[in-house]
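No hydrogens, no waters, no symmetry mates; every other heavy atom, side chains included, goes into these values.
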Amino acid sequence: TDSMKSPLTGFGLDSFRMGNLKYFKESTSYKTLKAIFQDNKIIMAEGKPDMKYDYWDNPHNEWLQTIFEFGVTGFVIILFILYYIFKRFKQSYKTENLVAIGAFFVALLVMSIGQFPFHLARLAHLIPVMLALFIVETENGK
């Protein structure tokens with residue numbers, strides 16, 4: 001719901017972790033609470049002062065984080081890129097390499113539901129490399 005407070009522009013890169021709006025969860029019940037970070041102090045809107053809270057630095061869902069950071073406009077642009085990749089895959093001759101690269105993208109998109117691969121250095125560097133291999137492999141279908 002907070003991502004819809006700025007639906008056209010979002011809050012910017014890494015804003016879920018670095019923005020003024022912070023998310024905490026109660027250690028005992030896993031209830032998520034919002035807080036505001038202002039003047040180097042955390043102001044809890046709700047919650048108990050004696051309760052232990054854990055900080056959510058990432059929503060662990062790439063799709064939600066994309067909408068939060070880039071807004072609906074950026075999310076639609078990403079959907080068009082994914083549509084272009086799918087359309088190009090569908091029109092191309094399927095080699096073993098192309099099927100493996102396509103499976104990589106499918107696995108990446110499914111993994112994005114419970115993880116944030118575009119924000120992890122150990123995974124993010126593979127995406128442009130695999131995209132370049134995808135473009136090279138699909139050139140024969142054009």
Discussion item. On a heavy-atom basis, which atom in T66 and which in F75 lie closest, and how many Å separate them?
Written reply: CG2-CD1, 4.0 Å
Worksheet item: Transitively linked via ILVMFWY side-chain contacts under 4.5 Å: V106 with L131?
Response: no
Worksheet item: Looking at OH of Y83 and CZ of R88, how far apart are the two atoms once the value is rounded to the nearest 0.5 Å?
Response: 14.0 Å
Practice prompt. Using distance alone, with no hydrogens and no angle criterion, decide if S92 and E137 have a side-chain donor and acceptor under 3.5 Å apart.
Written response: no
Item to complete: Looking only at non-hydrogen atoms, find the nearest pair between A124 and P128 and report the distance.
Response: O-CD, 3.2 Å
Worksheet, complete the sentence: When every non-hydrogen atom of W63 is compared with those of L82, the smallest separation belongs to CH2-CD1, 3.8 Å
Fill in: Considering all heavy atoms, the nearest L108-F118 contact
CD2-CZ, 3.9 Å
Worksheet item: Are V99 and V136 connected in a single hydrophobic cluster, I mean Ile/Leu/Val/Met/Phe/Trp/Tyr linked by side-chain heavy atoms less than 4.5 Å apart?
Response: no
Worksheet item: Looking only at heavy atoms, what is the nearest atom pair of I101 and F134, with distance?
Response: CG2-CB, 3.8 Å
Discussion item. Please determine whether the number of non-hydrogen atoms from other residues, nucleotides or ligands lying under 6.0 Å from atom NZ of K94 exceeds 12.
Written reply: yes
Item to complete: Search all heavy atoms of F104 against all heavy atoms of L126 and return the closest pair with its distance.
Response: CZ-CB, 4.2 Å
Fill in: Shared hydrophobic cluster for L133 and F89 (ILVMFWY, side-chain gaps under 4.5 Å)
yes
Practice prompt. Flag the pair L123 / F116 as yes when at least one side-chain heavy-atom distance between them is below 4.5 Å, and no otherwise.
Written response: no
Discussion item. With a 3.5 Å distance limit and no angle check, can you tell me whether N61 reaches the backbone of I113 through a side-chain donor-acceptor pair?
Written reply: yes
Discussion item. Under 4.5 Å between side-chain heavy atoms, counting indirect links through other Ile/Leu/Val/Met/Phe/Trp/Tyr residues: same cluster for I135 and I127 or not?
Written reply: yes
Item to complete: To the nearest 0.5 Å, tell me how far L98 CG sits from Y93 OH.
Response: 10.5 Å
Item to complete: Output the distance between atom CE (M111) and atom CG (L109), rounded to the nearest 0.5 Å.
Response: 9.0 Å
